[in-house]
Amino acid sequence: MLNLPANPKQHLIIFTRYPEPGKTKTRLIPALGDIGAANLQREMTEHTIFHVQELQKAIAISVEVRFAGGDLQLMQDWLGLDLVYQSQGEGDLGSRMAQSLFDAFQSGAEKVIIIGTDCPGVNAEILATAFEKLHTFDLVLGPAIDGGYYLIGLRQAIPELFVNIEWGTTQVFQKTVDIAQELHLSYVNLPPLADVDRPEDLPIWEQTLVGEMEG
């Protein structure tokens, strides 16, 4: 696959964690064990990147992986040399996301989307729709069924969207919408999707894999 120029105007940031046993997907450790939970993290990240690479065949985007845990060498050994890697840095999830957006816009991007790797329903089609919506809207959100969001897309850095939010709670999506309304941003929601965070969520992942094999 051709490496597109490092800086198309459309930029996708993937937030993930190096799959170190005991330090990742901790809420799934009771069901899967340390190694099983780390393996799930590994598989879900690879699944997300597969769909991102499908998207890259269709539209010009640059991609960067923001990682927690591990180091650059471990990330390259795992996911290859074709991706750009950057540490997530310090602070809560909000400050890390805000920093990644700031960096992307500073580098010349015009539309930036952040996704995680917890939501197996994220595919090339949803990502393409999100970039398309950023032609029209200031903010694109992908609501997660648990009250968070699996995707956020912006046309400029808006740090206010990432402060005073209790990350990991059921209020994250609604609080973000409230802030957007206070700032008079135009926004649009993508279809709600389910995260895989807890033991009871594991069938979602299994169904995704079965669906894709059949598809």
Side-chain angles (χ1 to χ4, degrees), residues 1 4 10-21 24-68 75 78-80 82-83 93 97 111-134 137 140-153 168 170 172-173 176 187-215:
M1 203 170 93
L4 294 163
Q10 306 192 109
H11 188 63
L12 179 68
I13 301 168
I14 303 166
F15 265 61
T16 192
R17 174 173 284 281
Y18 184 74
E20 185 180 339
T24 179
K25 286 272 169 228
T26 49
R27 285 180 287 187
L28 288 167
I29 288 173
L32 299 176
D34 287 4
I35 292 173
N39 283 342
L40 183 70
Q41 168 71 12
R42 181 182 292 273
E43 289 167 16
M44 290 183 70
T45 300
E46 290 169 5
H47 174 86
T48 301
I49 286 173
F50 169 80
H51 285 287
V52 168
Q53 288 170 335
E54 290 295 295
L55 177 67
Q56 285 182 295
K57 295 173 187 173
I59 63 173
I61 60 165
S62 52
V63 178
E64 126 189 39
V65 175
R66 291 253 166 172
F67 64 91
M75 293 300 294
W78 170 27
L79 294 172
D82 289 344
L83 291 162
L93 179 61
M97 287 200 288
K111 300 186 185 78
V112 183
I113 287 172
I114 301 177
I115 57 171
T117 58
D118 293 339
C119 191
V122 172
N123 57 27
E125 190 179 351
I126 284 174
L127 294 171
T129 301
F131 276 115
E132 204 176 300
K133 299 280 187 199
L134 282 174
F137 295 92
V140 177
L141 285 170
I145 287 166
D146 65 6
Y149 55 75
Y150 61 84
L151 178 152
I152 185 165
T170 56
V172 171
F173 172 76
T176 306
Y187 68 92
V188 63
N189 295 335
L190 299 165
L193 293 174
D195 276 347
V196 177
D197 284 324
R198 296 181 172 82
E200 57 268 31
D201 303 331
L202 287 169
I204 298 161
W205 173 239
E206 285 147 20
Q207 284 158 6
T208 304
L209 295 181
V210 169
E212 294 194 346
M213 283 176 197
E214 289 170 352

Is any side-chain heavy atom of [X] closer than 4.5 Å to a side-chain heavy atom of [Y]?
| X | Y | result |
| --- | --- | --- |
| Thr176 | Tyr187 | no |
| Tyr150 | Asp118 | no |
| Thr16 | Met75 | yes |

Separation between [atom1] of [X] and [atom2] of [Y], rounded to the nearest 0.5 Å:
| X | Y | atom1 | atom2 | result |
| --- | --- | --- | --- | --- |
| Ile145 | Thr170 | CD1 | OG1 | 14.0 Å |
| Thr129 | Leu134 | OG1 | CG | 11.0 Å |
| Phe173 | Asn189 | CZ | CG | 4.0 Å |
| Leu12 | Ile114 | CG | CD1 | 9.5 Å |
| Asp34 | Thr26 | CG | OG1 | 10.0 Å |
| Asn123 | Phe50 | CG | CZ | 10.5 Å |

Which pair of non-hydrogen atoms, one from [X] and one from [Y], has the smallest distance, and what is that distance?
| X | Y | result |
| --- | --- | --- |
| Ala130 | Leu190 | CB-CD1, 3.9 Å |
| Tyr18 | Trp78 | CD1-CE3, 3.9 Å |
| Thr24 | Ala38 | CG2-CA, 3.6 Å |
| Ala124 | Leu55 | O-CD1, 3.6 Å |
| Phe131 | His11 | CZ-O, 3.6 Å |
| Cys119 | Leu193 | SG-CB, 3.3 Å |

Worksheet item: Given Val140 and Ile113, is the side-chain contact (heavy atoms from CB on, under 4.5 Å) satisfied, shown in steps?
Response: CA-CA 8 Å; Val140 177; Ile113 287 172; over 6 Å; no

Fill in: More than 12 heavy atoms of other groups within 6.0 Å of Glu46 CD
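Atom CD in Glu46 is packed in, count exceeds 12.
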
Item to complete: Please lay out, stage by stage, how Leu151 and Leu127 fare under the test side-chain contact (heavy atoms from CB on, under 4.5 Å).
Response: CA-CA 9 Å; Leu151 178 152; Leu127 294 171; 3.8 Å; yes

All N/O donor-acceptor pairs, side-chain side in residues 199-213, below 3.5 Å, sequence neighbours left out:
from: Asp201; atom 1: OD2; to: Asp197; atom 2: N; distance (Å): 2.9
from: Asp201; atom 1: OD2; to: Arg198; atom 2: N; distance (Å): 2.8
from: Thr208; atom 1: OG1; to: Ile204; atom 2: O; distance (Å): 2.7
from: Glu212; atom 1: OE2; to: His51; atom 2: NE2; distance (Å): 2.9

Discussion item. When you measure from the side chain of Lys25 to the backbone of Val196, do you find a donor-acceptor pair of N or O atoms at a distance under 3.5 Å?
Written reply: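 Present.
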
Discussion item. Quick check against the 3.5 Å criterion: does Thr45 have a side-chain atom that pairs as donor or acceptor with the backbone of Gln41?
Written reply: yes

